[in-house]
Each structure stands twice: as structure tokens, then as C-alpha cells.
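Some notes on the structure that comes next.
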Amino acid sequence: MPDRIPERWVLASASPRRQRLIQLLGHPVEVLRVSIDETPEPDEDPGSCAARLALAKAVAGARLAPDALILAADTVVDLDGRILGKPENVQEARAMLQALRGRPHAVHTAVALYLPRRDEHLLEVATTGVWMRPYTEEEIEAYLATGDPLDKAGAYAIQHPEFRPAQGVEGCYAAVVGLPLCHLARALRRWGWSPPEDLPARCQSILEQSCFVYPEILAGGGYGRHPGDLGAP
């Protein structure tokens, strides 16, 4: 286990949502864009896919910053075991939103920490249940017209201020946005870094969501149902 982690931290992600959330850790973080093949492997479990891709992004970031602590994440939408990645076009995005409508699914977000100088890594996977509301075809078309679905796993952003596709969640809301901060914090803690005591409050404030699961997550366990501000499904 490392004596100390480097002062230089690098987030291997182009996602503005992850960049915004990671600032809540209170440690300076540089941003590097990395590109990897995100194609799922044949018959790959969705959670395992998220973990593999998060670590691959971290390794890719290490090539650009070998002296840093590399942080990376990947989000996979899981509909009955079928992986819904980022849609390639509007037609695919429409089909995903129609398939998700009025149904529950799982969102797996993996976070990876990688120390290139020691070739050591840590992985955390947050799995959150999401219940979609029965939005209309007109709402789908209006959302597609914004262009927002095209760079999102499953073709949606749970926090979109107009569309607001979900009516309930079970687990970590931040994981669905793209970065489960408490999972990341407990991984950093395993390498000797102490997260800010008010991190859960910071997360709830920026996402404008109440959270009842962070004590269990930070304690290293699982978590129960979290209807939060979205309402029960």
C-alpha cells in the first residue's frame, strides 16, 4: 500500500459532470481527455464492463501523466442485463428512451484509481436502481431536439432540468450523474487520504438532492432504497 499518494491528481475524463463533482473533494484536479474503445465484450456483465472501462481509462491517462494519481470513471446503463451505451445517432437515442420508459433499470458507475509509479489500482462500483416515469413521445422528441442524449449512456441525463426522466432512485444519485463521490472517497481513504467531513453535504447541495445512503457507503457497506427528492416509483 502506498506511503502517500502524489499531490498531482488527474481526472481522465471529458465529462463536465464528473469534472464538476470531483471538485467537491477539495483537492486540485487536472483534466485530461482520453480515448479508449468502449465496446462491451461478448456476454460481458454490465457492472464488470463499467469496471473494465474505468480502469482502461485510468491506464490511458497514466500514459499522459505517469507521475500523477489517475482517477477515472465509466457509467453503464443496464436494462434487463442489456448494456445501453452512448447512442450513435438520434434514432438509437429515441429507441433507448422508448425502451426505458416507465420501467426500472440499473446504472453501474465504476471509479478507478491508478498509481502508475507502483502499477497499483483500486476499483469501486456503485449500482443504482432507477425507475423511469411514463414520459410521452412528445417529451422524447423535445429532449432529442436538445442534443443532450447523444453523449449520455442510455441516452439520458437524470438531472436534466426540463426532461427529468426518472421518478425514483435506489442508491447513489451521484452515480447516475456520473461520479459516486462517496465510493471515490472511501477508495481514496484506503490509500491514506481523508475526504472532507462535509463531502456528503457538498454533494447534496450541488445536485439538489437529499441523500440517505452515504453513511452506509462511507462505512464500506451497501445501501438501502433512496427515494430522495424524485418520489417513490
Side-chain angles (χ1 to χ4, degrees), residues 11 13-24 31 33 35-36 38-40 46-47 49-50 53-54 57 73-111 126-181 203-211 225-233:
L11 175 64
S13 176
S15 166
R17 298 162 299 283
R18 291 183 180 129
Q19 293 170 24
R20 185 181 182 214
L21 285 169
I22 204 166
Q23 292 174 2
L24 301 182
V31 174
R33 293 172 178 262
S35 179
I36 65 166
E38 298 188 25
T39 305
C49 179
L53 294 178
K57 291 177 182 179
D74 189 79
T75 299
V76 168
V77 172
D78 171 4
L79 180 62
D80 299 330
R82 178 164 63 101
I83 294 173
L84 301 184
K86 297 175 183 177
E88 295 186 0
N89 50 52
V90 170
Q91 292 74 25
E92 189 172 331
R94 180 183 294 111
M96 288 183 182
L97 291 170
Q98 290 170 337
L100 291 166
R101 176 171 49 195
R103 299 185 58 196
H105 63 277
V107 176
H108 309 280
T109 296
V111 291
T127 297
T128 303
V130 180
W131 286 262
M132 299 298 251
R133 65 182 181 85
Y135 40 76
T136 65
E137 287 294 320
E138 290 76 15
E139 287 179 295
I140 290 177
E141 294 305 317
Y143 183 46
L144 291 172
T146 68
D148 190 68
L150 295 180
D151 69 338
K152 309 291 191 302
Y156 76 90
I158 193 171
Q159 74 278 14
H160 192 271
E162 282 82 38
F163 187 42
R164 294 191 178 276
Q167 67 180 16
V169 297
E170 178 183 355
C172 176
Y173 183 92
V176 187
V177 177
L179 190 67
L181 276 176
C203 184
Q204 291 174 80
S205 177
I206 198 170
L207 294 178
E208 298 182 342
Q209 293 288 321
S210 298
C211 179
R225 183 171 172 187
H226 170 32
D229 293 337
L230 294 174

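Separating the CD atom in Gln98 from the CD1 atom in Ile140 is a distance of 5.0 Å, to the nearest 0.5 Å. Note that CG of Asp148 and NE2 of His160 are 4.5 Å apart. Values are rounded to the nearest 0.5 Å. His105 contributes atom NE2, which lies 9.5 Å from atom OG1 of Thr128 (distance to the nearest 0.5 angstrom). Annotation: the span from Leu53 atom CG to His108 atom NE2 amounts to 12.5 Å, rounded to 0.5 Å. The structure places OG1 of Thr127 at 8.0 Å from CG of Asp78, a figure rounded to the nearest 0.5 Å. Atom NZ in Lys152 sits 8.0 Å away from atom OG in Ser15 (nearest 0.5 Å).
Looking at every heavy atom in both residues, Thr146 comes nearest to Pro149 through OG1-CD, 4.1 Å. Here the shortest heavy-atom pairing between Val107 and Ala175 reads CG1-O, 4.3 Å. Between Thr109 and Gly178, the shortest heavy-atom distance links the atoms CG2-O, 3.6 Å. Between Ile83 and Pro40, the shortest heavy-atom contact is CD1-CB, 3.9 Å. What you find for Ala153 and Thr75 is that their closest heavy atoms are CB-O, 3.6 Å.
With sequence neighbours excluded, the residues forming a side-chain contact (heavy atoms from CB on, under 4.5 Å) with Ala99 are Leu79, Arg82, listed by chain and number. The salt bridge (Lys or Arg N to Asp or Glu O under 4.0 Å) check on Arg20 picks up nothing, with sequence neighbours excluded. Taking the side-chain contact (heavy atoms from CB on, under 4.5 Å) definition, one finds that Ala54 meets it with Asp74, Ala110, Ala112, sequence neighbours left out. For Glu141, the salt bridge (Lys or Arg N to Asp or Glu O under 4.0 Å) criterion is met by Arg94, not counting sequence neighbours. Scored by the side-chain contact (heavy atoms from CB on, under 4.5 Å) test, Ser35 finds no partners at all (sequence neighbours excluded). For Lys86, there are no side chain to side chain donor-acceptor pair (under 3.5 Å) partners, not counting sequence neighbours. The side chain to side chain donor-acceptor pair (under 3.5 Å) check on Asp151 picks up nothing, with sequence neighbours excluded. Under the side-chain contact (heavy atoms from CB on, under 4.5 Å) criterion, Pro87 pairs with Glu92, Ala93, Met96, Leu150, Ala155, not counting sequence neighbours. Under the rule for a salt bridge (Lys or Arg N to Asp or Glu O under 4.0 Å), the partners of Arg101 that lie at least two apart in sequence or sit in another chain are Glu137. Remark: Ser205 engages no residue in a side chain to side chain donor-acceptor pair (under 3.5 Å) (not counting sequence neighbours). The ring pair (Phe, Tyr, Trp, His ring centres under 6.0 Å) test applied to Phe163 returns Tyr135, Tyr143, not counting sequence neighbours. Partners of Asp80 according to the side chain to side chain donor-acceptor pair (under 3.5 Å) rule, which considers only residues two or more places apart in sequence or in another chain, are Arg103.
Looking at heavy atoms from C-beta onward, Gln204 lies out of side-chain contact with Tyr173 at the 4.5 angstrom threshold. Using a 4.5 Å heavy-atom threshold, the side chains of Val176 and Tyr156 count as touching. No side-chain heavy atom of Gln209 sits less than 4.5 Å from a side-chain heavy atom of Cys203. Two residues are said to be in side-chain contact when any heavy atoms from C-beta on lie closer than 4.5 Å; Ile158 and Val169 meet this criterion.
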(message) Run the side chain to side chain contact (heavy atoms under 4.5 Å, CB included) test on Gln19 and Leu11 for me, step by step, so that the C-alpha distance in whole Å, both residues' side-chain angles and the decisive distance to 0.1 Å come before the verdict.
(response) CA-CA 8 Å; Gln19 293 170 24; Leu11 175 64; 3.9 Å; yes
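In this structure, Lys57 contributes its side chain and Ala73 its backbone to a donor-acceptor pair below 3.5 Å.
When the shell of 6.0 Å around CD of Glu88 is examined, it contains 12 or fewer heavy atoms from other residues, nucleotides or ligands.
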